[in-house]
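To keep things clear, I will list the structure first and then write my remarks on it.
Side chains included, hydrogens not; waters and symmetry mates left out as well; all remaining heavy atoms used.
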Amino acid sequence: MTFYLIDYENTQVHGLKGLAELSKSDRVYIFYSDNAKSISIDSMNDMLRTKCRVFFEHIETGRDNALDFQLTSWLGYLIHKHPFSRFRIITKDKGFECLKGFWKAKGKDIEIFHNIAGELNEDPPVLPNKQAKRRLGRCNNQNEKLRLPSPKKNPSLSEKSAMDTSPQLNDSSIKSGKVSTEVITHVENIPEQKQKPNEKQGNRSRKQKKDNTTDRNVQNRPDSSVYDEIRARLGNSTETELVIDIVRKHTTKQEVHNALQRTFNSDENNNRAKEIYKKIKAILPHK
């Protein structure tokens, strides 16, 4: 199950893109205000075709960020009620990034996208006029440094002989239409360009390293028997399912230990995470 919380005041109709593709188990909450309460016919058609349930939350404005505060409070309520679901905030407001970091520290990943389809339409940065001219000037200076050196004022003897072998055009040859076709055999010594590294070979090695890392992560993933053993040691409870979710998401014992501390340690009981880790450490396949 995935919950979508839409900041409609920020995204408008664009935030609803992908609504028709959601499944029956998904839930969509559209937070809107009097500042943004119109909707297109295409979006209404998507609402009629989608299998998920859509809820509308009208927000009374009058203060800055009123909609953001109420959307955030509703997110906390949903996380408490559905701890094993996925949560996505649909907005272009970068202020929600701090909310994402807050929940990540507590073991819960909150995703932020510009629309339901999961797109992030980042516009390329535009340089101010002065800054663009300054960079263009640096490029021109670099090009000038790469130019070949000009011929010497006093050519050497070998250079003079080479110059003498070049075809000569005189008035008689031009008038008669006959032009010398002698081949110039002298070529100036031009510095060899450094061979560029093989980009395809570099990409292939990076891909191979990535595949090896992925294989190691898959090998460290526990199977269902490990989850059954955790339930046997900790008992069937909401806390046990949360521990299994942490074991499933992380690939090393150190990561599991840190996630347990962030999730279960509190002022009342700061040893709970240590007790849980001690019970399950021996059965973890993680390195």
Side-chain angles (χ1 to χ4, degrees), residues 1-5 23-27 29 68-91 94-113 118 120 205-287:
M1 177 185 293
T2 303
F3 289 89
Y4 295 85
L5 283 68
S23 63
K24 186 178 180 179
S25 62
D26 296 327
R27 299 290 183 269
Y29 291 88
D68 298 346
F69 296 146
Q70 295 179 61
L71 186 151
T72 302
S73 63
W74 187 249
L75 172 66
Y77 168 76
L78 292 176
I79 293 176
H80 172 73
K81 192 173 182 181
H82 306 277
F84 304 109
S85 298
R86 298 175 61 190
F87 300 91
R88 288 186 172 184
I89 299 176
I90 308 302
T91 183
K94 297 192 180 295
F96 283 99
E97 292 295 334
C98 61
L99 181 67
K100 180 179 178 180
F102 171 80
W103 281 107
K104 186 175 183 180
K106 298 185 179 300
K108 179 64 65 176
D109 291 331
I110 307 298
E111 299 175 292
I112 299 177
F113 294 101
L120 285 175
S205 61
R206 285 193 294 269
K207 183 179 179 181
Q208 185 176 2
K209 290 181 181 179
K210 183 177 180 181
D211 293 340
N212 294 338
T213 303
T214 303
D215 293 339
R216 289 196 298 270
N217 291 339
V218 172
Q219 293 175 359
N220 294 336
R221 294 290 185 184
D223 53 20
S224 58
S225 61
V226 175
Y227 304 144
D228 294 338
E229 182 65 23
I230 292 175
R231 293 188 179 95
R233 297 192 178 199
L234 300 181
N236 293 325
S237 64
T238 303
E239 181 184 74
T240 302
E241 296 302 322
L242 189 56
V243 172
I244 293 175
D245 187 57
I246 292 174
V247 173
R248 184 184 295 111
K249 288 182 177 181
H250 298 85
T251 57
T252 65
K253 289 183 178 180
Q254 185 62 44
E255 292 178 357
V256 173
H257 182 266
N258 295 340
L260 290 173
Q261 286 186 328
R262 291 194 301 266
T263 305
F264 293 102
N265 283 357
S266 61
D267 296 337
E268 293 79 8
N269 187 1
N270 57 3
N271 293 323
R272 182 55 182 159
K274 184 177 180 180
E275 296 171 357
I276 295 173
Y277 184 72
K278 186 176 181 180
K279 291 180 179 180
I280 68 174
K281 178 181 178 180
I283 61 175
L284 294 178
H286 307 68
K287 291 185 178 180

Worksheet, complete the sentence: In terms of heavy-atom contacts, Phe113 and Gly118 come closest through CD2-O, 3.3 Å
Worksheet, complete the sentence: Residue set satisfying salt bridge (charged side-chain N to carboxylate O under 4.0 Å, His left out) with Arg231, at least two apart, ordered chain then number -> Asp228, Glu241
Discussion item. Looking at every non-hydrogen atom in both residues, tell me the closest pair between Ala273 and Leu260 and how far apart they are.
Written reply: CB-O, 3.3 Å
Worksheet item: When rounded to the nearest 0.5 angstrom, what distance separates CD in Gln70 from CG in Leu5?
Response: 12.5 Å
Item to complete: Starting at CD1 of Ile230, measure out to CG of Leu284 and round the result to the nearest 0.5 Å.
Response: 6.0 Å
Worksheet item: Quick one: salt bridge (Lys or Arg N to Asp or Glu O under 4.0 Å) pairs with a partner in residues 71-85, sequence neighbours left out?
Response: none
Worksheet item: About how many Å separate CD of Glu111 and CD1 of Ile89, when rounded to the nearest 0.5 Å?
Response: 10.5 Å
Worksheet item: Who passes side chain to side chain contact (heavy atoms under 4.5 Å, CB included) against Ser237, sequence neighbours left out?
Response: Glu239, Thr240
Worksheet item: Is the backbone of Ala105 close enough, under 3.5 Å, to the side chain of Arg262 for a donor and an acceptor to pair up by distance?
Response: yes
Discussion item. Ser25: which residues meet the side-chain hydrogen bond (donor to acceptor under 3.5 Å, both in side chains) condition with it, sequence neighbours left out?
Written reply: Ser23
Worksheet item: By side-chain hydrogen bond (donor to acceptor under 3.5 Å, both in side chains), which residues pair with Thr238, not counting sequence neighbours?
Response: none
Worksheet item: Are Glu275 and Arg272 within salt-bridge range, i.e. N to O under 4.0 Å?
Response: yes
Response to the item:
Arg233 meets the salt bridge (charged side-chain N to carboxylate O under 4.0 Å, His left out) criterion, sequence neighbours left out, with Glu229
Fill in: Residue pair Tyr29 / Leu71, side-chain heavy-atom distance below 4.5 Å
no
Response to the item:
The ring pair (Phe, Tyr, Trp, His ring centres under 6.0 Å) partners of Tyr277 (sequence neighbours excluded) come to His257
Worksheet entry | Residues which pass salt bridge (charged side-chain N to carboxylate O under 4.0 Å, His left out) with Asp68, listed by chain and number, not counting sequence neighbours | none
Practice prompt. Would you list the pairs meeting side-chain hydrogen bond (donor to acceptor under 3.5 Å, both in side chains) in which at least one residue belongs to residues 99-110, sequence neighbours left out?
Written response: none
Worksheet, complete the sentence: Sorted by chain and number, sequence neighbours left out, salt bridge (charged side-chain N to carboxylate O under 4.0 Å, His left out) with Arg27 holds for none
Discussion item. Let me confirm one number: the CZ-CE distance from Phe87 to Met1, rounded to the nearest 0.5 Å.
Written reply: 9.0 Å
Discussion item. Going by the rule side chain to side chain contact (heavy atoms under 4.5 Å, CB included), which residues pair with Glu255 if we only count those two or more places apart in sequence or in a different chain?
Written reply: His250, Thr251, Thr252
Item to complete: List for me each residue that meets side chain to side chain contact (heavy atoms under 4.5 Å, CB included) alongside Thr72, sequence neighbours excluded, and say none if there are none.
Response: Phe96, Leu99
Discussion item. So which atom in Asp26 and which in Thr2 form the shortest heavy-atom distance, rounded to 0.1 Å?
Written reply: OD1-N, 3.2 Å
Discussion item. So, taking the atom named NZ in Lys281 and the one named CD1 in Ile276, what distance separates them when rounded to the nearest 0.5 Å?
Written reply: 15.5 Å
